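Labels below follow one simple rule: chain letters A, B, ... track the order of the sequence lines, proteins then strands, and each chain is numbered from 1. In this text, all values refer to a predicted model and were calculated from it rather than measured experimentally.
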2 protein chains.
Amino acid sequence: MEAETANATDAYGIPVIPASSDAVRRKRRAIVDAAAAEFLAEGYAAASMDAITSRSGVSKATLYKHFGTKERLFLAAIGGILRETCAGLEPDGSALAEAADLRSALITLTGDWATLLLRPDVMTLRRLVIGETGRFPQLGRLWYQVTYDMLNGPLVEALTELGRRGRLEVADPELAVRQLVAATVGVPQLVDTFAPGTETDPAELTRVVTSGVDLFLARYAVP
Amino acid sequence: MEAETANATDAYGIPVIPASSDAVRRKRRAIVDAAAAEFLAEGYAAASMDAITSRSGVSKATLYKHFGTKERLFLAAIGGILRETCAGLEPDGSALAEAADLRSALITLTGDWATLLLRPDVMTLRRLVIGETGRFPQLGRLWYQVTYDMLNGPLVEALTELGRRGRLEVADPELAVRQLVAATVGVPQLVDTFAPGTETDPAELTRVVTSGVDLFLARYAVP
DNA sequence: GTCTATAGACTGATAGAC
DNA sequence: GTCTATCAGTCTATAGAC
């Protein structure tokens, strides 16, 4: 039924869009892409449905037929690229427990995260989600969940395993991971959060990440 | 001259409002307060000048006479409360260099910062500034500057002094302070950034801050 | 009587929705 | 393409200070 499809949401309150024919799917794709670009550039309130219509090349009727309201289009577009951004990214935290050189493995892992999370498009998305979290709490929860599943979760398991093997001494792996992420990725991320477009020189990034890992190991490594 | 006053800005691009009689100043105060409440609740684009007019109790002519445009009112209101929030807060980083118990002093200092920065009104303001940084870069710069002057700056000096006295070994005090802030305040702040209104139990906050300080000292304290 | 500051109706544009 | 609501910003008639 039309109304039912147009109002379905998943566990996070992000609209669920049913599968369909190729032509329909391509139009929907065009709308979502246009919406994402407009919302990322303007924010939710300042974005215009007319502008999204023009960008996507479909008619307003088609747009409203598929998404119903501005709110639902926003959630579908932003929720979608949020998932996509993190998809295809292998956490590979399990390799960490086996690594011969733990320090190098941690530097590589946190460095890779930092490179991904500092990408201009990811930072723009992050700023948008933070700014709209008051109006759309489900987006904030989704962002936190996605980044947690990608970064923190696997690492907590790896640290716990490393603790069992006697290579680390972490009483609270959950907290330790949050500290590691904060002391590495979090440091350059804070600057770019308030100064968009700040260039982060790769050499400087490596230096910051390395220092963060050393901070972590100074406390938690078994001598 | 009228036009000159209505367009004057300071070094950060925040409108400068000249002093005036008590009655005029009280009206201006009412406008700014109403504007801050509306902008914090709705964001820049969704906030309505009519709503601000109603809230403040003055007429639209008065409002436009004083602030000229929505943009200028936004910058004046948000820039104003941003400064106010941090005013009257003594950094007192100099006491750190003299502290007998450095660990306790750091825990107290970072704990106080965390308590201030996690206040719901401060977090709401922070989310707004992050969300509007694309449109109003000067607000992002101002936030970074204000928090830096309040937290990081004095602490960098204190760490440098403690290094001279042989109690710490910090090759890069600037980076060390960013790590300390990230590993203490930054940890609970990240949660509340994406999940507004998350209650942070004071005991848990102390535990997190203490652990962050211990992380810092494990790396940088001279044995 | 003159003049500044104000109230609030008004305007043209544009929004979301259908 | 049409519709109605609402937006930022303007304008005019008036109230009150001197």
Side-chain angles (χ1 to χ4, degrees), chain A residues 1-9 15 17 24 27-28 30-32 34-78 128 131-132 135-136, chain B residues 1-7 15 17-78 132 135-136:
Chain A
M1 196 180 172
E2 201 68 54
E4 201 174 342
T5 336
N7 290 314
T9 57
I17 307 300
V24 169
K27 281 203 175 184
R28 192 131 55 194
I31 295 170
V32 167
E38 172 78 4
F39 284 128
L40 282 170
E42 304 292 336
Y44 175 74
S48 134
M49 295 293 271
D50 277 344
I52 294 170
T53 305
S54 310
R55 278 186 199 247
S56 66
V58 308
S59 74
K60 292 186 94 172
T62 306
L63 193 154
Y64 274 95
K65 176 117 183 127
H66 285 312
F67 295 96
T69 66
K70 189 185 187 183
E71 283 200 10
R72 279 180 54 79
L73 178 55
F74 178 74
L75 289 171
I78 301 303
L128 178 66
E132 303 293 352
R135 201 183 300 268
F136 301 103
Chain B
M1 198 179 172
E2 202 67 56
E4 203 174 340
T5 333
N7 291 314
I17 307 300
S20 234
S21 79
D22 265 16
V24 169
R25 194 176 297 191
R26 228 173 310 120
K27 285 208 170 181
R28 193 131 54 194
R29 184 78 226 168
I31 296 170
V32 167
D33 288 347
E38 172 79 4
F39 285 128
L40 282 170
E42 304 292 338
Y44 174 75
S48 135
M49 294 293 270
D50 279 343
I52 294 170
T53 304
S54 310
R55 276 187 199 247
S56 65
V58 308
S59 74
K60 289 192 94 174
T62 307
L63 193 155
Y64 274 96
K65 179 118 184 117
H66 287 313
F67 296 97
T69 67
K70 189 185 187 182
E71 282 201 12
R72 280 180 53 79
L73 177 56
F74 178 74
L75 289 171
I78 300 303
E132 303 292 352
R135 201 182 300 268
F136 300 104

Quickly work out the [X] [atom1] to [N] [atom2] distance and round it to whole Å.
X	N	atom1	atom2	value
K65(B)	dT4(C)	NZ	P	9 Å
I31(B)	dT6(C)	CD1	C1'	12 Å
L63(B)	dC7(D)	CG	P	14 Å
L73(B)	dG9(D)	CG	P	10 Å

Give a yes/no on whether any side-chain N or O of S59(B) is located under 4.0 angstrom from OP1 or OP2 of dA7(C).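 The answer is yes; a side-chain N or O of S59(B) sits under 4.0 Å from OP1 or OP2.
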Whether T69(B) contacts dG9(D) is assessed here as follows: a side-chain N or O lying under 4.0 Å from the phosphate OP1 or OP2. Is that the case?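 Negative; the distance criterion is not met.
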Mind telling me whether F39(A) and F74(A) have parallel, tilted or perpendicular rings, with 30° and 60° as the class edges?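 Judged by the thresholds at 30° and 60°, the geometry between F74(A) and F39(A) is perpendicular.
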Residues L73(B), K70(B); criterion side chain to side chain contact (heavy atoms under 4.5 Å, CB included); working and verdict: CA-CA 5 Å; L73(B) 177 56; K70(B) 189 185 187 182; 5.7 Å; no
From C-beta outward on Y64(B), which listed nucleotide comes closest to its side chain: dA7(C), dA17(C), dA8(D)?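 Shortest atom-to-atom distance from the side chain points to dA8(D).
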Closest listed nucleotide, where the reference is the side chain of K70(B) and the choices are dG9(D), dA7(C), dC18(C):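 Comparing dG9(D), dA7(C), dC18(C) against the side chain of K70(B), the answer is dG9(D).
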So do E132(A) and I78(A) actually touch side chain to side chain, heavy atoms under 4.5 Å?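 Heavy-atom side-chain distance check fails, nothing below 4.5 Å.
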So which of residues 41-53 of chain B are in contact with DNA chain C, with a heavy-atom cut-off of under 4.0 Å?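 DNA chain C contact set from residues 41-53 of chain B: none.
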A35(A) and A77(A): which non-hydrogen atoms are nearest, and at how many Å?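 Heavy atoms of A35(A) and A77(A) come nearest at CB-CB, 4.0 Å.
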Which heavy atom of Y64(A) sits nearest to which heavy atom of T69(A), and what is that distance?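 So the minimum-distance heavy-atom pair works out to CE2-CA, 4.4 Å.
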Tell me the side chain to side chain donor-acceptor pair (under 3.5 Å) pairs involving residues 29-39 of chain B, sequence neighbours left out?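 Of all non-adjacent pairs touching residues 29-39 of chain B, those that pass side chain to side chain donor-acceptor pair (under 3.5 Å) are R29(B)-D33(B), R29(B)-E84(B), E38(B)-R55(B).
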Please evaluate the base of dG9(D) for a donor-acceptor partner in the side chain of K60(B) within a cut-off of under 3.5 Å?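 In this structure, the two groups form a donor-acceptor pair.
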